[in-house]
Amino acid sequence: MTKIEIPADHPRRDSLEVREKIIEGHDLHIVATAGLLAHGRGEAFDYLIGEHTTYQARLAMRAAVAATLTAKHPVISVNGNICSLIPDDLVEFSEIVRAPLEINLFYYRKEREDAILKALHDAGAKDVLGTHDRPSTTIPELSSNRRKVDPEGIGSADVVIVPLEDGDRTEALCKMGKFVITVDLNPISRTSVYSNITIVDNIVRVLPIMVEMVHEMKKLPHEELVRIVQEFDNEANIRSALNLMIEHLSSKASQSIEELKEGKK
Ligand code: PTJ
């Protein structure tokens, strides 16, 4: 498929560029067809939060970085959507926090695993877990493809970062005693409410910020990092994200059509 050139002055250029990446990822078998739908749902929630990183999302990111830096064995679960959107940031984050990348697909197909592995290698990843040639173990009580995990990865991890995740698996990971961090624009998805830390923001904005945060936070003493995790209140943070969406919509509801048009420029 030919890539569409988005005019430099198009008011929705950034969002359309991201959409093009997902479409391209689908053409390359990185993204599942259902991943296109998941992306559209994410776009809708991004509209509701005002398409920017909120203070609350930054608080959650800070707690997530602290939890990752204090973990014994943190692991990052990679699916098709995040691999197509932010491969370079994923590899960089994985390296600086020493958390291996594990491919873990809901809609598993061998050609998808191969395409994702290639994209991660192209982005500089050295060791990638979760591939079919590696040993696997299963998450109890889970029937989807995602029950298969790498024993050296998610299987033995204490902290698991699972952006854009399926709710059943998040619940199962929590039952196994894992500390779960997610990035999900829908603050009331099952994944969001089951996770220990929920970052309500777009993954394309989140990872570059978290990379920056690691550089600054890795100088902090261990006790300070532990305190940041302990003091983070996920329930309150999710409630704030919902309230921000409500406030954002109410402010739009009080604007005239002319003001709404102006806001779209
Ligand atoms: O690659 P696979 O086979 O592992 O499949 C990946 C998808 C994403 C298709 C699969 O995990 C899935 O079906 O996920 P869900 O249940 O649709 O959940 C995805 C969640 O991510 C939804 O709550 C979306 O609102 C949210 N989301 C979508 N795009 C983004 C996002 N959150 C943050 N940033 C995004 N860019």
Side-chain angles (χ1 to χ4, degrees), residues 14-23 25-54 56-57 60-61 64 76-87 89-90 101-117 119-120 128 130-132 139 142 144-150 154 160-173 180-195 197-210 238 241-242 245:
D14 290 350
S15 174
L16 291 178
E17 289 275 8
V18 175
R19 193 182 280 186
E20 280 303 308
K21 277 194 191 170
I22 281 281
I23 296 171
H26 185 251
D27 292 341
L28 295 170
H29 307 292
I30 294 172
V31 174
T33 303
L36 300 174
L37 304 176
H39 184 76
R41 184 149 46 142
E43 282 183 345
F45 277 102
D46 208 6
Y47 241 83
L48 298 184
I49 201 93
E51 295 178 303
H52 72 278
T53 297
T54 64
Q56 284 74 7
M61 284 182 224
I76 304 165
S77 180
V78 179
N79 67 22
N81 285 49
I82 68 168
C83 174
S84 93
L85 292 177
I86 40 146
D89 298 309
L90 270 177
L101 299 169
E102 174 167 343
I103 300 176
N104 194 272
L105 304 179
F106 191 77
Y107 300 96
Y108 181 84
R109 274 192 291 123
K110 172 74 170 53
E111 67 178 342
R112 289 195 60 218
E113 179 191 307
D114 292 345
I116 290 170
L117 186 61
L120 292 176
V128 178
T131 49
H132 72 283
I139 300 179
L142 199 63
S144 77
N145 275 321
R146 277 192 173 148
R147 70 182 182 280
K148 284 172 88 178
V149 291
D150 196 308
I154 293 170
V160 190
I161 305 173
V162 283
L164 284 67
E165 178 59 279
D166 156 74
D168 272 1
R169 200 168 79 117
T170 308
E171 196 182 339
L173 289 171
V180 179
I181 299 170
T182 196
V183 180
D184 193 328
L185 276 159
N186 177 359
I188 48 170
S189 71
R190 291 186 59 232
T191 291
S192 287
V193 298
Y194 272 99
S195 294
I197 299 178
T198 305
I199 302 164
V200 182
D201 196 5
N202 197 322
I203 190 74
V204 301
R205 293 191 293 265
V206 170
L207 255 263
I209 296 175
M210 282 179 58
I238 288 174
L242 274 172
M245 288 181 178

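Every heavy atom of this structure was used, including side-chain atoms; hydrogens, water molecules and symmetry mates were not. Just follow the structure's listing: the first ligand is 1, and inside any ligand the first atom is 1.
By the criterion of a heavy-atom distance under 4.0 Å, the backbone of Asp201, and not its side chain, is placed next to ligand 1.
Taking a cut-off of under 4.0 Å to the non-hydrogen atoms of Gly42, the atoms of ligand 1 that pass are 25 (O), 27 (N), 28 (C), 29 (N). Within ligand 1, the atoms closer than 4.0 Å to a non-hydrogen atom of Gly35 are 9 (C), numbered from 1 in the order shown.
Residue Tyr107 places at least one N or O, backbone or side chain, under 3.5 Å from an N or O of ligand 1. Residue-to-ligand polar distances place Gly80 within reach of ligand 1: an N/O pair is separated by less than 3.5 Å. Taking any N or O of Phe106, backbone or side chain, at least one lies under 3.5 Å from an N or O belonging to ligand 1. On a distance-only criterion, Leu164 and ligand 1 share at least one N/O pair closer than 3.5 Å.
A donor-acceptor contact shorter than 3.5 Å links the side chain of Ser189 to the backbone of Ser192. Looking only at distances, a side-chain donor or acceptor of His52 sits under 3.5 Å from a matching main-chain atom of Gly50. For Asp166 (side chain) and Arg169 (main-chain N/O), a donor-acceptor pair under 3.5 Å exists by modelled atom type. A distance-only check finds a donor-acceptor pair linking the side chain of Glu113 to the backbone of His132 [under 3.5 Å]. Glu165 places no side-chain N or O within donor-acceptor distance of the main-chain N or O of Thr170, the cut-off being under 3.5 Å. In this structure, the side chain of Asp201 does not engage the main chain of Val206 through any donor-acceptor pair within 3.5 Å. Remark: side-chain polar atoms of Arg147 are not paired, donor with acceptor, to backbone N or O of Ile139 under 3.5 angstrom. For the pair Ser84 (side chain) and Gly25 (backbone), a donor-acceptor distance under 3.5 Å is absent. A donor-acceptor contact shorter than 3.5 Å links the side chain of Asn79 to the backbone of Leu164.
For atom 16 (O) of ligand 1, the closest heavy atom belonging to the protein is Arg41 NH2, 3.9 Å. Of the protein's heavy atoms, Ile203 N, 3.0 Å lies nearest to atom 34 (N) of ligand 1. Nearest protein heavy-atom neighbour of atom 36 (N) of ligand 1: Asn202 OD1, 2.8 Å. Here the heavy atom of the protein found nearest to atom 4 (O) of ligand 1 is Arg146 NH2, 2.5 Å. Residue, atom and distance of the protein heavy atom nearest to atom 32 (N) of ligand 1 are Leu185 N, 3.1 Å. Protein heavy atom at the shortest distance from atom 1 (O) of ligand 1 is Arg112 NH2, 2.7 Å. Nearest non-hydrogen protein atom to atom 22 (C) of ligand 1 is Asp184 OD1, 3.6 Å. Looking only at heavy atoms of the protein, atom 8 (C) of ligand 1 is closest to Ala38 CB, 3.8 Å.
Checking atom 12 (C) of ligand 1 against the protein gives no heavy-atom contact under 4.0 Å.
Residue Glu43 places every heavy atom at 4.0 Å or more from ligand 1.
We find that Asp46 and Arg205 are joined by a salt bridge, their nearest charged nitrogen and carboxylate oxygen being less than 4.0 Å apart.
Summarising the geometry, atom CD belonging to Glu43 is positioned 8.5 Å from atom CD belonging to Glu51; distances are rounded to the nearest 0.5 Å.
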